[in-house]
There are 2 protein chains.
Amino acid sequence: MPRGECRGQGWWHGKFRGCGYRLTLGREVILDILSKSEGHLSAEDIYMKVHPKYPSVGLTTVYRTLDVLSSLGMVYKLDFGDGRARYEFAEGPKGAHHHHHLVCTDCNKVIDYTDFIDDEIELLNQTEKGLSKKYNFKIANHLIQFYGLCEKCSAKK
Amino acid sequence: MPRGECRGQGWWHGKFRGCGYRLTLGREVILDILSKSEGHLSAEDIYMKVHPKYPSVGLTTVYRTLDVLSSLGMVYKLDFGDGRARYEFAEGPKGAHHHHHLVCTDCNKVIDYTDFIDDEIELLNQTEKGLSKKYNFKIANHLIQFYGLCEKCSAKK
DNA sequence: TTATTTAGTGAAAACCATTTCCATTAATAG
DNA sequence: CTATTAATGGAAATGGTTTTCACTAAATAA
């Protein structure tokens, strides 16, 4: 991804600048990786993908950029209980394929599911409204995860 | 909590022994603290509460015991994103007052809510059934958290 | 354009919750 | 009571993440 192809073209350009953040090579590259990758990448995963092409981008910058992206709501920071944070792209304004997670407590495998999402979301919206009012809480986001054993791990037992 | 008052009396005695775990002073004390405390305690919180009366119980044992309790399903291990795990008592078999969480992303305050829980649980049960079948996943537990700004923090802005 | 300002950066060091190591202690079985 | 071995405490190690600091470069002013 040569710089010229991207600079100023992504829909996120304005978002960065609008919040007073500078648009740097590192940030573009990391955002690019995230937007193109399925799944849940750790900071190190991202560093590994970035480093071959852009050895000048360090792990520190990956962490710092993920923080910024996270605070801008462009990336979700997730915890699956294995001691390292995972990040996933937040899919722009249309929230294209929102999903929830099934987490295997044995092998830490994570399955994204979109089944039942519509019903879940509908209920969540109601719940959010009620909770916001009752607790004066400005809800920005939610997390739903199911924990258990994946097919392989429950067979092993 | 003198040892004699407790040894062999708690409903968890059998659970421990049945799983091949020994019933030790440390485990009893930690379980006692958890069962009497409202809220979400970190390992260090628990250590601080235990240490004055039982200085012989070390932080390592707290961690180890929490692991055991967690694997027995007697305690839930929670993550609110502030870098340390929190633990809460799982309320025995009747699941007395199951609740979900509202987490403030600014001050890390956590509100337990039980409102809307019935509808949520009902939907979750359906969803669980569907997911279990489709993905051959044995669901043992779920996590629902809403993230946002608490009253104080949204006023500050 | 060039100069100025200051946000952003890489590398190494620090941080800190948690885990591991190991010699010792104590709960349970016989 | 004795033997067995799970459990323990304290210190050290671990490892993901954050901080420090001197340096670089993006944005802005001249």
Side-chain angles (χ1 to χ4, degrees), chain A residues 3-4 6-8 12-14 16-31 40-48 50-72 75 77-87 108, chain B residues 3-4 6-8 10 12-31 40-48 50-72 75 77-87 108:
Chain A
R3 195 151 193 180
C6 180
R7 167 54 51 79
W12 52 68
H13 186 190
F16 259 99
R17 300 285 296 280
C19 297
Y21 291 107
R22 291 182 181 172
L23 201 56
T24 65
L25 172 64
R27 287 173 178 172
E28 284 180 57
V29 175
I30 291 165
L31 206 35
H40 323 95
L41 302 174
S42 67
E44 187 139 9
D45 290 337
I46 293 167
Y47 176 68
M48 292 309 212
V50 168
H51 196 254
K53 276 192 186 165
Y54 300 90
S56 73
V57 175
L59 182 57
T60 310
T61 290
V62 174
Y63 276 107
R64 276 189 289 228
T65 300
L66 289 170
D67 265 0
V68 171
L69 294 175
S70 197
S71 76
L72 289 178
V75 153
K77 184 177 183 177
L78 303 168
D79 173 273
F80 298 133
D82 68 342
R84 67 185 60 197
R86 309 279 168 168
Y87 300 85
N108 284 314
Chain B
R3 192 153 196 178
C6 179
R7 164 56 47 84
W12 53 69
H13 185 189
K15 186 143 193 171
F16 258 102
R17 300 284 298 279
C19 297
Y21 291 106
R22 292 180 181 176
L23 202 56
T24 64
L25 172 63
R27 286 172 180 173
E28 285 180 58
V29 175
I30 291 165
L31 206 36
H40 321 96
L41 302 174
S42 67
E44 186 139 12
D45 290 339
I46 294 168
Y47 177 69
M48 292 310 212
V50 168
H51 196 253
K53 277 191 185 165
Y54 301 90
S56 71
V57 175
L59 182 56
T60 308
T61 290
V62 174
Y63 276 107
R64 276 189 289 227
T65 301
L66 289 170
D67 265 0
V68 171
L69 294 175
S70 196
S71 76
L72 289 178
V75 152
K77 184 177 184 179
L78 302 168
D79 173 272
F80 298 133
D82 67 343
R84 68 186 60 198
R86 309 278 167 169
Y87 300 84
N108 284 313

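We use all heavy atoms of the structure for the numbers below, so side chains are in, but hydrogens, waters and symmetry mates are not. Letters A, B, ... are given to chains in the order of the sequence lines, protein chains preceding strands, and every chain is numbered from 1.
For Arg17(A), the side-chain atoms get nearest to dA27(D) when compared with the rest of dT18(D), dT8(D), dA27(D). With dT20(D), dT28(C), dG10(D) as the choices, the nucleotide that has an atom nearest any side-chain atom of Leu23(B) turns out to be dT28(C).
Using a 4.0 Å heavy-atom criterion, one finds that Arg27(A) contacts the sugar-phosphate atoms exclusively. Contacts of Arg22(B) with the nucleic acid, taken as non-hydrogen atoms under 4.0 Å apart, include base atoms. Counting non-hydrogen atoms under 4.0 angstrom, Ser42(A) reaches nothing in the nucleic acid.
The CG-P distance, from Asp67(B) to dA6(D), rounds to 17 Å in whole Å. We find that CZ of Arg64(B) is positioned 14 Å from P of dC22(C), with the value rounded to whole Å. The distance from atom CG of Leu25(A) to atom P of dA26(D) is 9 Å, rounded to the nearest whole Å. As rounded to whole Å, 14 Å separates atom C1' of dT8(D) from atom NE2 of His51(B). If you take CD of Glu28(A) and C1' of dG8(C), they are 14 Å apart, rounded to a whole angstrom. When the C1' atom of dT9(C) is taken as reference, atom CD1 of Ile30(A) falls 11 Å away, rounded to whole Å. dT9(C) atom P lies 12 Å from atom CG of Leu66(A), rounded to whole Å. Straight-line distance from the CG atom of Leu59(A) to the C1' atom of dG16(D): 9 Å, rounded to whole Å.
At least one side-chain heavy atom of Leu23(B) sits under 4.5 Å from a side-chain heavy atom of His13(B). By the 4.5 Å heavy-atom criterion applied to side chains, Leu72(A) and Tyr21(A) are counted as neighbours. Counting heavy atoms from C-beta outward, Ile46(B) and Leu66(B) have side chains that approach closer than 4.5 Å.
With the nearest nucleotide of DNA chain D identified for both Tyr21(B) and Tyr47(B), Tyr21(B) has the one nearer the 5' end.
Checking the phosphate oxygens (OP1, OP2) of dT8(D), a side-chain nitrogen or oxygen of Thr24(B) falls inside 4.0 Å. Look at Tyr63(B) and you'll find a side-chain N or O under 4.0 angstrom from OP1 or OP2 of dT18(C).
Proximity of the aromatic rings of His40(B) and Phe80(B) is defined here by a centroid distance below 6.0 angstrom, and this criterion is met.
Checked by atom type, the side-chain pair Asp45(A)/Ser42(A) shows a donor-acceptor distance below 3.5 Å.
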